[in-house]
Each structure stands twice: as structure tokens, then as C-alpha cells.
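The sequence lines fix the lettering, A, B, ..., with proteins before strands; numbering per chain opens at 1.
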There are 2 protein chains.
Amino acid sequence: MTAPNLLATQNISEREKLIFDATERLLGKFGYDKTTVADIAKEAGISKGAIYLHFKSKDDLIERLLIHAMLGFSANWFGAIEADPQGGLIGNMYLNMLKVIDQTPLMAVIMRQDGAILGNYLKKKDNFFVKNQRQGMRHEFVAMMQAAGAIRQDLDPKVVAHIMDMISFGMVTIAEFVPTEQIPPTDEVIKGIADFMHRALTPEQGADSETGKRILRQLYAEAQKDFLAAQQADAAQKES
Amino acid sequence: MTAPNLLATQNISEREKLIFDATERLLGKFGYDKTTVADIAKEAGISKGAIYLHFKSKDDLIERLLIHAMLGFSANWFGAIEADPQGGLIGNMYLNMLKVIDQTPLMAVIMRQDGAILGNYLKKKDNFFVKNQRQGMRHEFVAMMQAAGAIRQDLDPKVVAHIMDMISFGMVTIAEFVPTEQIPPTDEVIKGIADFMHRALTPEQGADSETGKRILRQLYAEAQKDFLAAQQADAAQKES
DNA sequence: AATTGACCAGTTTTGCATTTTTGGTCATAT
DNA sequence: ATATGACCAAAAATGCAAAACTGGTCAATT
């Protein structure tokens, strides 16, 4: 009973994995600005030129690393939701999300768009987050969930999106901050937040687990389609 | 049945109020760095020299403005808690806090230590927040509440402080972000957070309202004592 | 006694030339 | 095919002097 792979994980060669791992280590320690391509090559134990056999540029490497982390996170998250009988409920979705964050530390960086780590990369006008229109996606997400009956329809999607943002931020912060020894109280806090989200956002009649799963499935499919289209458009633009 | 004034509001002359108001307006619009003393004088309709008849320096003005806002906020907050039969319960304390934030917009700036508004002021090594040791105070606060039985004693005060921080941040964000027309859903969200705080942090036996009020009263008294001591020490240092 | 605004010293900003670093390439080697 | 690292152009960091700004003062004024 394995979780279905709605978003295929990126095809990664042994070499690319090596480079990704080295980059992730250095990124965590020194951040984007202070991590040079030469550093990455040295950390990975290969030559600088070798990196350019696999990646078009430093930014291409960074972005594919972020995408790699996101896809891994998504697949694991959805797997956890599928395995959980109540996984489609909003509160539980967040609970499962938190469980999976630990396995992909870069996810916290992505979610928080961490300035300390991403540095000047965030200032580039065509950066990953601008290109993927993080803001717009969120509204769509909420609107779809409302249309499907998983979120009360009398709430302004903007407000709901903001609340989800805030809660995500808080959970990521907790996941980063609270040491493992403190798990029991953390767990209680997380459950509290999850409960709150469930009560505040779910319609009275309650959204059943299947609805949540269906929406998530659809969302991922759309996201993948958009993503591929954007990548192709990007590639096409670079050729001209 | 008026609320007792545990922290006396600052003694402010007509002129100082005029300057405070002008400063607050400009601070909100342009922030600390781009608000010059000349600007403030112009906005207040007085001369630059007149400002120095009331304040030792620009920073003295800013700090006394922040203190003014905090004292006003504290007095109003405590008043709201006193007037509320359940005001001593942690969740309700937060609810009451939120109600009062609207009346003192600068409070949001203070709570978030807003870099966009406070700018370089925050970088000064002897800034308001460093001087008043915001971090230390918070731990004391939690420890006192735990000692008094208002917060479960099996939780690490550091974790609890962090959670309260996060919740405060979230509530302030909501208060700042959500437009007035959206009050109904906002209200529900706030109640959700308040409930969560109550459930997660209050001991099973429950802290009664009086306990909360007593702790708050004590805290304010201590804060005032510390504050005056710090101010005197500061003044003494500047004479030498 | 209260207020003003020209004035000043110290700081910040700007413009620019020089040096250093870094992303990316490619002739050469394996 | 795959990989290397010396090499280069572009970008970033550094140093510095001139110009502009700003916090704070104080002799003159009301």
C-alpha cells in the first residue's frame, strides 16, 4: 500500500545528487551569497566545470535544488495524508505537513523565503518565488477548496490565505525552534493549532476525508501542469 | 467602576502631545530613518529648537513616544481585563489585548519591532528594545504565571514564551492586515486562537480569573519599578 | 520665559578609480 | 564521453575625496 506518485520526483543522476547534497550543506551554513560555485565543487569533491555539465548556471542549480526539495516534500506529504484515514481534513493535513518538514529541512527555507539563507537571490527580479507566483497560487488553492466544500464559503479567500500563511509560518517556526526533547508540549501545541484550523475553516457539515484527498490530488496535478508549462516557456525564451 | 491605574500614564504637556502626534504620523509614513527632526517640527507647526526644549534628542523623543504608547496600551489592556469577569484567563487576556491594539497603533510597531518603521534605530546598540531586555522579561513573565498556577508547570518556560510570542505576532498581524469589513471571520479566528491558548497552556484545574488579574497586577508593578530604576540609572550615567 | 532659525560639526551619501572576487567557458587531458 | 582547471569578462568589494544632509546649539527675538 504505497502512496501514489502524483508528482513524479525529478530524474536525478548520482552526480546531481552529489552536487545537491553539497549545495544544501553549504547553503545551510553560509547562505546563497557566500556560497560560490567553486566552494560547491570543492565540497562535492569534483571540479567546477563538472557542475556546468549538469546545471546551466548557479541559479539553475539553486532552483532545481529547491524544486527537488519541494517535490520530495509534496510526495511525502501526500503519502502521509493518503496513509491517514482522516488525512483529508484541513487540520490533519497540517499535522501531516509538520511531520514531513523534518525530512526536508530546505522546505522551511522555502516556506519562509528565508532572507538569511537566500540573500541576494531573493532580490533578483526573476527569482524562483516571483516566477512561481507564490501569492497567486495560494488564492487559487483556497478558492478551489471553497468550491469543493472543504472550506466555509462565507470567508474571504484572501483572509483565509493569510491565516493559512500565518499558521504555516508558526508551525515551521515551531518545527525549527523546539528541540526534539520537547516533543510532548510541542505536540500538544500543534494539535491545538490543527484543531483551531479545523474548527475555524471547515464548514459545519464537515468535509470528509475523501474530499480533501481529491482536492489535493487535483491541486498537485494542476501544479505539475503549470510547472512544466512554465519550465518549457522558460526554456523556449532562453533559446531566443 | 473605573479601572485602577497601576501604571501612571506619563505626564505630558500640551506641547509634548503635539510633538508626539506629529512624530507618530511621520513615523508611520516614512519611518525613523527618513523622518528628520526638521520634518517633525514642520509637521507640528513649531520650530526645531522648540523640540529640544522638551526632548534631549531625537532618540529621547522616539523612546518617550514608544513608552507613552506602551503605557497607554497597558493601562487600557488592564482596564479591559478588569472589566471582564473572565479577563484573567489566558485566552481572554489575549482577546482583550487585541481589542486594545486598535487604540494604540504604535503598539503593533513595538510588538513586531518593525524594521520597516524603526529602521536604523534598531541597529543602535543601546536601543529601546535592547535596554528593556524584552527577551528576559518574557521568561520572567511565564515563570511567574507558572509559579502562580496560571500555566501548566510541566512546560518549558522557553517554549511557552516562544509560543506566546508566535501567537502575539500572529494576532498583531491579523489586527493589522484584516480590514474592518471582515470582522466576523476575524473574530472567529481570534476566538480560535484564544481557545487554543487556553487549552494548551492552562492547567487542568483551571486558573480562575482572579489569579490572572493578581499576576498581571504584580507584573505591572514590577515592570514599573524596573522601568523607573532603569531610567534613573540611565539619567545618572548621562550626567557623568 | 518661551521660541526661533541661521549656523556648525559630525555623519551619511555620492561618485569614481582600483582591486578582488566570482560565474561561466573551453582547450586539453583522461 | 567525461572531467579538469587555467583563463576571462563582468560584477562586487574596497578606498577615498567631495558634496549633501542632519542632529543639535545658541545668539537674537518676541
Side-chain angles (χ1 to χ4, degrees), chain A residues 11-23 26-27 29-66 115 117-128 234-235 238-239, chain B residues 11-23 26-27 29-66 115 117-128 234-235 238-239:
Chain A
N11 237 8
I12 301 195
S13 70
E14 200 89 357
R15 262 295 146 90
E16 283 166 344
K17 179 93 173 76
L18 192 75
I19 297 170
F20 274 163
D21 287 348
T23 307
L26 294 180
L27 216 56
K29 260 194 262 182
F30 308 111
Y32 175 85
D33 298 340
K34 295 292 174 191
T35 299
T36 70
V37 177
D39 290 340
I40 295 172
K42 197 176 172 190
E43 174 79 17
I46 60 176
S47 74
K48 203 161 61 138
I51 288 176
Y52 286 90
L53 293 175
H54 298 276
F55 303 96
K56 268 186 267 183
S57 65
K58 182 186 179 184
D59 286 358
D60 181 46
L61 163 58
I62 298 291
E63 292 187 1
R64 279 175 57 191
L65 174 59
L66 295 182
I117 288 181
L118 267 2
N120 284 326
Y121 176 70
L122 287 178
K123 292 179 187 157
K124 297 188 178 181
K125 57 179 175 298
D126 63 339
N127 75 55
F128 180 77
D234 215 46
K238 274 181 186 163
E239 269 182 54
Chain B
N11 236 9
I12 301 192
S13 71
E14 200 89 355
R15 262 293 148 85
E16 284 166 344
K17 180 91 172 77
L18 192 76
I19 297 170
F20 275 164
D21 287 348
T23 307
L26 295 180
L27 217 55
K29 259 193 263 183
F30 308 112
Y32 174 86
D33 298 340
K34 296 292 174 192
T35 299
T36 70
V37 177
D39 291 340
I40 295 171
K42 197 178 174 189
E43 174 80 15
I46 60 177
S47 75
K48 203 162 60 141
I51 288 177
Y52 287 91
L53 293 175
H54 299 275
F55 302 96
K56 268 185 267 184
S57 65
K58 182 185 179 184
D59 286 359
D60 182 45
L61 163 57
I62 298 291
E63 292 189 359
R64 279 176 56 191
L65 174 58
L66 295 182
I117 289 181
L118 268 359
N120 283 327
Y121 176 70
L122 286 179
K123 291 179 188 159
K124 297 188 178 182
K125 57 180 175 298
D126 63 339
N127 76 53
F128 180 78
D234 215 45
K238 271 180 189 164
E239 270 183 52

side-chain contact (heavy atoms from CB on, under 4.5 Å) evaluation trace for A/Val37 with A/Tyr52: CA-CA 10 Å; A/Val37 177; A/Tyr52 286 90; 3.6 Å; yes

Across all chains, not counting sequence neighbours, the salt bridge (charged side-chain N to carboxylate O under 4.0 Å, His left out) partners of A/Lys42 are none

Answer whether the closest heavy-atom distance between the side chains of B/Glu43 and B/Thr35 falls below 4.5 Å. no

Is the Lys NZ or Arg CZ of B/Lys58 less than 6.0 Å from the centre of B/Tyr32's six-membered ring, within 45° of the axis? yes

Heavy-atom donor-acceptor pair, A/Asn127 side chain to A/Leu122 backbone, under 3.5 Å: yes

Any donor-acceptor N/O pair, B/Tyr121 side chain to B/Glu63 backbone, under 3.5 Å: no

Using atom names, set out every protein N or O paired with an N or O of nucleotides 10-13 of chain C below 3.5 Å, distance rounded to 0.1 Å.
none

Tell me, with the steps shown, if B/Arg15 and B/Ile46 meet side-chain contact (heavy atoms from CB on, under 4.5 Å). CA-CA 10 Å; B/Arg15 262 293 148 85; B/Ile46 60 177; 3.7 Å; yes

B/Leu53 atom CG is separated from C/dT4 atom P, nearest whole Å, by 9 Å

Quick one: side-chain contact (heavy atoms from CB on, under 4.5 Å) partners of A/Asp33, sequence neighbours excluded? A/Asn120

Intermediate values then yes/no, side-chain contact (heavy atoms from CB on, under 4.5 Å), B/Leu61 and B/Ile40: CA-CA 11 Å; B/Leu61 163 57; B/Ile40 295 171; 3.9 Å; yes

Boundaries of the DNA chain D segment in contact with chain A, non-hydrogen, under 4.0 Å: D/dA3 to D/dG5

Protein-nucleotides 23-29 of chain C N/O pairs under 3.5 Å:
{"residue": "C/dG23", "atom": "OP1", "partner": "A/Lys58", "partner atom": "NZ", "Å": "3.1"}
{"residue": "C/dG23", "atom": "OP2", "partner": "A/Val37", "partner atom": "N", "Å": "2.9"}
{"residue": "C/dG23", "atom": "N7", "partner": "A/Lys48", "partner atom": "NZ", "Å": "3.4"}
{"residue": "C/dG24", "atom": "OP2", "partner": "A/Tyr52", "partner atom": "OH", "Å": "3.0"}
{"residue": "C/dG24", "atom": "OP2", "partner": "A/Lys58", "partner atom": "N", "Å": "2.6"}
{"residue": "C/dG24", "atom": "N7", "partner": "A/Lys48", "partner atom": "NZ", "Å": "3.1"}
{"residue": "C/dG24", "atom": "O6", "partner": "A/Lys48", "partner atom": "NZ", "Å": "2.2"}

Using 0.5 Å steps for rounding, measure from the CG atom of B/Leu65 to the CG atom of B/Asp59. 12.0 Å

When the rotation axes relating C1' atoms of four end pairs to the next four are compared across the helix from C/dA1-D/dT30 to C/dT30-D/dA1, five pairs an end, they differ to 10° by 30°

With a 3.5 Å cut-off and no angle check, do the side chains of A/Thr36 and A/Asp39 form a donor-acceptor pair? yes

Could you go through B/Glu14 and B/Leu18, starting from their C-alpha distance and side-chain angles, then the distance that decides it, and tell me whether this counts as side-chain contact (heavy atoms from CB on, under 4.5 Å)? CA-CA 6 Å; B/Glu14 200 89 355; B/Leu18 192 76; over 6 Å; no

